[in-house]
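Below is one structure; the comments refer to it alone.
A note on names: the letters A, B, ... follow the listed sequences, proteins ahead of strands, and every chain is numbered from 1.
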Amino acid sequence: MRLIVTEKDNAARRIAEILSDDSASGERRNGVNVYKWGGQRVVGLSGHVVGVDFPPEYAEWRDVEPAELIDADVVTTPTRENIVATLRSLARKADEVVIATDYDREGELIGKEAYELIREETDAPVERVRFSSITEREVQKAFENPDEIDFDLAAAGEARQIVDLIWGAALTRFLSLSAKQLGNDFISVGRVQSPTLKLIVDREREIEAFDPDDYWEILADLAKDGQGFEAQYFYDDDGSEAERVWDEAAAEAAYADLSESGTATVTEVRRRTRTDDPPAPFNTTAFISAASSLGYSAQRAMSLAEELYTDGYLTYPRTDNTVYPDDLDPEELLGAFEGSYEFGDDAASLLDQDEIEPTRGETESTDHPPIHPTGELPDRDEVGADAWEIYELVVRRFFATVAEPATWAHLRVVAEAAGRSLKANGKRLLEEGYHAVYPYSSAGETFVPEVSEGDKLSIDAVELEAKQTQPPRRYGQSRLIQHMEEMGIGTKATRHNIVEKLYDRGYVEDDPPRPTKLAEAVVSAAEEYADHVVSEEMTAQLEADMTAIAEGEATLEEVTAESREMLGEIFEELRESRTEIGEFLQESLKADRTLGPCPECGEDLLVRRSRQGSYFVGCDGFPECRFTLPLPSTGEPQVTDETCEDHDLRHVKMLAGRDTFVHGCPRCKAEAADESEDEVIGHCPECGDSAAPEGQRNEGGEAAEGEGGKLAIKHLRSGSRLVGCTRYPDCDYSLPLPRRGEIVVTDERCEDHDLPHIEIHDGDDDDPWELGCPICNYEEFQARNAVENLEDLDGVGPATAEKLQDAGVADPEDLHEVDPDAVAGEVQGVSADRIREWQDELAA
DNA sequence: GCAAGGTC
């Protein structure tokens, strides 16, 4: 039997299809897909199935000096046991093995890891094939010319693993132990995350140190024959054109001159035609950046693209490549969109072009093509709105890369008035080119009328604007990822996760990411004692070392020994400053939790956590001062940089995924609740007059008048509002009300529940939210939630969600109890296997 | 409970 090993299941399936001429069948072993035909088996790994770590005796942080990790053994152990077991059992029956992992450094290492596992089971020959994309031609050619594993290249990857582990673990443990931050709140450091964090912190330092300068700009409304346009004052500043006037008196003088002249004379007209080339094919970074201008975070964009990839609609989304492979036939791919409702017209117009020549970016790599549609079209309702928007972006990007350039007519006009110069730059689209199929990049025109030198223009208005220079802007997530790519840190598959990691570690908050005090302290400490780990040089040096290993000019042992020595020197310095560093980190951690002064004792109010795990605001003066304020029960509190003017306390935001909200000043919230009175709106349906519990009922089956609970609108000190029973805590019946907006009880009544309708007036808008009867509203809310929960399932859109509900699955929870075959029979487009996958996922 | 790199 011949065993073929790929890096992932998707690749295994496609290679089996190609090599078997579509006759392969799949089976599941240990939860791993194995494709078979004749004497052949193909199995896909899941990237690395083994990982490096220290031996177990180093596991307990408190029992090990971090510096001991520097010379500790590094061992490789299976991390994906089921895949390893399947690989082993397949290997035992193989008399020939082919490694077909991705064609890049990490792929070589993953292949070598598989090789080592296989060698423990068999002496069968092991070959290596390399192909630059999984297409019939490439794959056939690769299998006809098999090669050998490049152990040097794999060793380069191993060296990286070892260096990253030792530096990351030793420094992470050192900082965490010195600040006594163990458990979930450890303080991490790493070759990629720390330089990325420094980038953010450095930018924040620039912002904080920024000292704005005043300047003035003068704008004028000009017109020729009634056609108005805007022009800007400029002057000659040592040979270059300047618009900003730094001196107020000079600005006012120019403004006065221009205001007093009724006309200006055209002194210069310059026309130029510019081509605006279509963009290059999408690599991961460019894709994330385009998705970010549609409002998607890096993480969200990637997870949608991964879903579309797994479902077969897009190619692999993790790629650096910006050049389509030779075997991509643009005409054929455009043809796949011809009949489509959304894309048909655009595809047809592109096919009408005289020539189709895709654009090329700068990087051509061997593992995966640029991200493009496969030609298989998803059902718009089925994939959901977000996935569709991402899909359309990728389709249109592909369209743009095969479209014609756009051309623009540029018109620059300079006019003089009272010795002062005004300029206007016009821009008109001559040939729409790729903009016709790619609406995401700006194609805005600026109107300037046709004028000739010597023409008189009227000056209709002049405006003097006082401005200030602005600090640099924070990096957005996608800008950060671009920066990482430029610095050569991280990879296509990890950069967006690194940004996410900075959020998880409490190093950055909000979007665009803003560093916490902890982040500033970690970066400062690293800069002082371990500068190497926060610099991009560490990666640059590692890359050079890896190249040397791959080319046989150095060995893994030499490179890791040198790296260990360097880290050892760093620890010599660190040892002496341990307490100092620990205190510094602890202070910064406290600063991130500090709201402001306690109204009772003047010490700091801090976000704290009770023994039960709930958050509240407490005083740093505890136990002498017992002042507290409650916080909402949902989400993780985050102290924002906004401050309440009344109480000098920073506002709190509650992070809870989609349900994240700004709580505001906790003292304002508590005081507002103290001042409000409960407003009774009806009887409690659980214990009210018409539904009293057994013991309290009178002969008529009702509670005695006045004894039953009433429903009232209540304001809690934590900021929540609800319709709840007046007999609380004896009766805990309650219905949620929105956190924001003024609650207004109307005269309209719900006949079913005998309750008034409620409206929410938010801000000054005169179009209130008609919430209606609170009971009806809550029931609808629950039903809506159920549909949304269903849509969270992989491959379920609004249409399928509805069908699932019709089939008795109102909520994902119901899936536990259903018979997959029965439901699959009732719901078109959902297989029993899919349902089993959902069940497995929910169980996990 | 550490990193970064694969992958889901």
Query raised in the report: Which part of the nucleic acid, if any, lies within contact of Gly490(A), taking any heavy atom under 4.0 Å across all strands shown: a base, the sugar-phosphate backbone alone, or nothing?
Result: sugar-phosphate
Query raised in the report: Can you tell me how far C1' of dG6(B) sits from CD of Glu306(A), to the nearest Å?
Result: 12 Å
Query raised in the report: Hey, are Asp102(A) and Arg318(A) close enough for a salt bridge, meaning a charged N less than 4.0 Å from a carboxylate O?
Result: no
Report task. Compare the minimum distances between each of dG6(B), dG1(B), dA3(B) and the side chain of Lys501(A), then state the nucleotide with the smallest one. Result -> dA3(B)
Query raised in the report: Met484(A) CE to dA3(B) P: how many Å, rounded?
Result: 14 Å
Query raised in the report: Hey, can you pull the residues of residues 159-169 of chain A with a non-hydrogen atom under 4.0 angstrom from DNA chain B?
Result: Arg160(A), Gln161(A), Asp164(A), Leu165(A), Gly168(A), Ala169(A)
Query - d(CZ, Arg105(A); C1', dA4(B)) in whole Å - result: 11 Å
Requested in this report: Answer with base, sugar-phosphate or nothing: what part of the nucleic acid does Tyr316(A) contact at a heavy-atom distance below 4.0 Å?
Outcome: sugar-phosphate
Report summary line: Ile498(A) has its side chain closest, among dC2(B), dG6(B), dA4(B), to dA4(B)
Report task. Choose from dG1(B), dT7(B), dG5(B) the nucleotide whose nearest atom is closest to any side-chain atom of Trp61(A). Result -> dG1(B)
Requested in this report: Please state whether the phosphate of dG1(B), meaning OP1 or OP2, lies under 4.0 angstrom from any side-chain nitrogen or oxygen of Arg505(A).
Outcome: no
Query raised in the report: So, Tyr296(A) and Glu389(A): side-chain donor and acceptor under 3.5 Å apart, yes or no?
Result: yes
Query - Stretch residues 171-199 of chain A: residues that reach within less than 4.0 Å of DNA chain B through a heavy atom - result: Thr172(A), Arg173(A), Gly183(A), Phe186(A), Ser188(A), Val189(A), Gly190(A), Arg191(A), Val192(A), Gln193(A)
Requested in this report: Using side chain to side chain contact (heavy atoms under 4.5 Å, CB included) as the criterion, list what pairs up with Glu580(A), not counting sequence neighbours.
Outcome: Tyr529(A), Ser577(A)
Between side-chain atoms of residues 60-74 of chain A and protein atoms elsewhere (two or more places apart, or another chain), which donor-acceptor pairs fall under 3.5 Å?
| from | atom 1 | to | atom 2 | distance (Å) |
| --- | --- | --- | --- | --- |
| Glu65(A) | OE1 | Arg578(A) | NH1 | 3.3 |
| Glu68(A) | OE2 | Glu65(A) | N | 3.1 |

Query raised in the report: Hey, are Glu108(A) and Lys112(A) close enough for a salt bridge, meaning a charged N less than 4.0 Å from a carboxylate O?
Result: no
Requested in this report: Please list, chain by chain and in numerical order, all residues satisfying ring pair (Phe, Tyr, Trp, His ring centres under 6.0 Å) with Tyr507(A), sequence neighbours excluded.
Outcome: none
Report task. If a pair satisfies salt bridge (charged side-chain N to carboxylate O under 4.0 Å, His left out) and one of its residues is in residues 170-194 of chain A, list it, with sequence neighbours excluded. Result -> Asp164(A)-Arg191(A)
Query raised in the report: Across the strands shown, which category fits Glu60(A) at heavy-atom distances under 4.0 angstrom: base, sugar-phosphate, nothing?
Result: base
Query raised in the report: In whole Å, what is the span from the CG atom of Leu153(A) to the P atom of dG6(B)?
Result: 13 Å
Query - Residue Ala493(A), side-chain atoms from C-beta onward, closest of dG1(B), dG5(B), dT7(B) - result: dT7(B)
Requested in this report: Scan Ala170(A) against the nucleic acid and name what it touches under 4.0 Å (heavy atoms): base, sugar-phosphate only, or nothing.
Outcome: nothing
Query raised in the report: Leu69(A) or Asp9(A): which one's nearest nucleotide on DNA chain B is closer to the 5' end?
Result: Leu69(A)
Report task. Could I get the full list of ring pair (Phe, Tyr, Trp, His ring centres under 6.0 Å) partners for His48(A), not counting sequence neighbours? Result -> none
Side-chain donor-acceptor pairs under 3.5 Å in residues 83-91 of chain A, sequence neighbours left out?
| from | atom 1 | to | atom 2 | distance (Å) |
| --- | --- | --- | --- | --- |
| Thr86(A) | OG1 | Arg29(A) | O | 3.4 |
| Thr86(A) | OG1 | Asn30(A) | ND2 | 3.3 |
| Thr86(A) | OG1 | Asn82(A) | O | 2.8 |
| Arg88(A) | NH1 | Glu120(A) | OE1 | 3.0 |
| Arg88(A) | NH1 | Glu121(A) | OE2 | 2.7 |
| Arg88(A) | NH2 | Glu120(A) | OE1 | 3.1 |
| Ser89(A) | OG | Thr86(A) | O | 3.3 |

Report summary line: By side chain to side chain contact (heavy atoms under 4.5 Å, CB included), Thr547(A) pairs with (sequence neighbours left out) Glu551(A)
**Report entry** N/O (side chain, Thr494(A)) to phosphate O (OP1/OP2, dG5(B)) under 4.0 Å
**Finding:** yes
